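Okay, so here's the structure we're looking at.
Both ligands and their constituent atoms are indexed starting at 1 by order of listing. Because the structure is a prediction, the values reported are computed rather than measured.
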Amino acid sequence: MQDSEFRYLQEFLLRKIGLSLSDDKKYLIKSRASRLLREHNLSDVNALAREIRKNENGTLAHQLLDLMTTNETLFFRDQYPFDALRDLIFPELTHAKGRHGKIRIWSAASSTGQEACSIAMTASESVPEPSRVHILGTDFSAKAVEYAKAGNYSQMEVQRGLPIKQLVRFFNQEGNRWLVRPELKEMMTFDHANLVEDSLAGKVRRHGPFDVVFCRNVLIYFTPEERTKVIDRIARCMHKGGYFISGATETPEGRFSRWEQVLYKNKRLWKLL
Ligand SMILES: C[S@@+](CC[C@H](N)C(=O)[O-])C[C@H]1O[C@@H](n2cnc3c(N)ncnc32)[C@H](O)[C@@H]1O
């Protein structure tokens, strides 16, 4: 790939989805875009870059952005956030809101939905009236959002992190697929949202303000500057005192928002001040 075209795609990915690709990642664009070249009859990645330049909001551009996202996820990833919900956060919110107030949770990079499902299962098992828990899952990847909406997982996917007890309680088996049961599905809404767009708050407003935000394993893809902006955007969508749950190694550092660290079993959670 020519350096000029690589530089353009690097800048395009950074501007559109905050993806910060280092100079040694040419191969990543080449390997992820290979399907697109065939599909759109393009000779090589240079031709792809030229087409995208002509129409940055077209289908081809969107397809490339979607392909460049990393959607790796699993049920009950890291376990401690879901234990913290059960032992600390849900009891605190139930007490603060009384028995009937709504509890709003946002999975802010929900990928194919396993994180939102894990939150819903935890709520079903530990909140007296789980129907008052509303979970919004959003992601940039349209493909991931559609998958999450369908709630239809393979054997391999449910074997990643989902205990058998929850599998039989919350999923129906159809052939070799596992379908999320309606009572769990009703607690979740999935939609497309881009964390690096200033319109983010408007996009999720009708589902918030949120008591808890999960934003895990996505901040690592952004530059430090973009990370700060994303944190501030998310903070604007939360209640004061709301919990922010990041990936195990990620820290919310906003320019305007302030966070207090809360330790749960030696793991860090964050509260919006
Ligand atoms: C590695 S997955 C993490 C999924 C889940 N939070 C977890 O921890 O298992 C990262 C997700 O972030 C999404 N993502 C990347 N950039 C994004 C952006 N600018 N806005 C919204 N979602 C984004 C990707 O599409 C991907 O599904």
Tell me, which protein residue and heavy-atom name are nearest [atom], and how many Å apart are they?
| atom | value |
| --- | --- |
| atom 22 (N) of ligand 1 | F140 N, 3.2 Å |
| atom 4 (C) of ligand 1 | A109 O, 3.2 Å |
| atom 14 (N) of ligand 1 | V218 CG2, 3.7 Å |
| atom 20 (N) of ligand 1 | L195 N, 2.9 Å |
| atom 13 (C) of ligand 1 | D139 OD2, 3.3 Å |
| atom 8 (O) of ligand 1 | N217 ND2, 2.8 Å |
| atom 19 (N) of ligand 1 | N194 OD1, 2.9 Å |

Item checked: side chain to side chain donor-acceptor pair (under 3.5 Å) between D66 and S141, worked out -> CA-CA 5 Å; D66 200 315; S141 163; 2.8 Å; yes
Which of the ligand 1 atoms, numbered from 1, are nearer than 4.0 Å to a heavy atom of [X]:
| X | result |
| --- | --- |
| N71 | 24 (C), 25 (O), 26 (C), 27 (O) |
| S111 | 4 (C), 27 (O) |
| E115 | 5 (C), 6 (N), 7 (C), 8 (O) |
| T69 | 24 (C), 25 (O) |

Item checked: Residue pair R258 / L272: nearest heavy atoms and the distance that separates them -> O-CD1, 3.6 Å
Notebook entry, point to check: Between F75 and F82, does the ring centroid distance fall short of 6.0 Å?
Noted result: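 No - the distance between ring centres of F75 and F82 does not fall below the 6.0 Å cut-off.
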Check: Would H239 and F210 count as a close aromatic pair, with their ring centres under 6.0 Å?
Finding: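 Centroid separation for H239 and F210: 6.0 Å or greater.
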Margin query: Can you tell whether the side chains of K143 and E146 come within less than 4.0 Å, N to carboxylate O?
Written below: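 Judged by the 4.0 Å cut-off on N to carboxylate O distance, K143 and E146 do not form a salt bridge.
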Check: Between R216 and I245, is there a donor-acceptor pair closer than 3.5 Å when you use the side chain of the first and the backbone of the second?
Finding: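 Checked: no pair found.
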[atom1]/[X]: more than 12 non-hydrogen atoms of other groups inside 6.0 Å:
| X | atom1 | result |
| --- | --- | --- |
| E39 | CD | yes |
| K203 | NZ | yes |
| E92 | CD | yes |

Below 4.0 Å, non-hydrogen atoms only: which portion of [X] touches ligand 1? Side chain, backbone, both or neither.
| X | value |
| --- | --- |
| A193 | backbone |
| T70 | backbone |
| R77 | side chain |

Check: Touching ligand 1 at all, C215? Heavy atoms, strictly under 4.0 Å?
Finding: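 Not so, C215 does not reach ligand 1.
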Note to self: If you measure every N or O of F222 against every N or O of ligand 1, does any of those distances drop under 3.5 Å?
What the structure shows: no
Notebook entry, point to check: Based purely on interatomic distance, does R216 place a nitrogen or oxygen under 3.5 Å from a nitrogen or oxygen of ligand 1?
Noted result: yes
Item checked: side chain to side chain donor-acceptor pair (under 3.5 Å) between N71 and T69, worked out -> CA-CA 6 Å; N71 308 124; T69 62; 3.2 Å; yes
Check: What class does the angle between the rings of F171 and Y153 fall in, given that below 30° is parallel, 30 to 60° is tilted and above 60° is perpendicular?
Finding: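 Judged by the thresholds at 30° and 60°, the geometry between F171 and Y153 is perpendicular.
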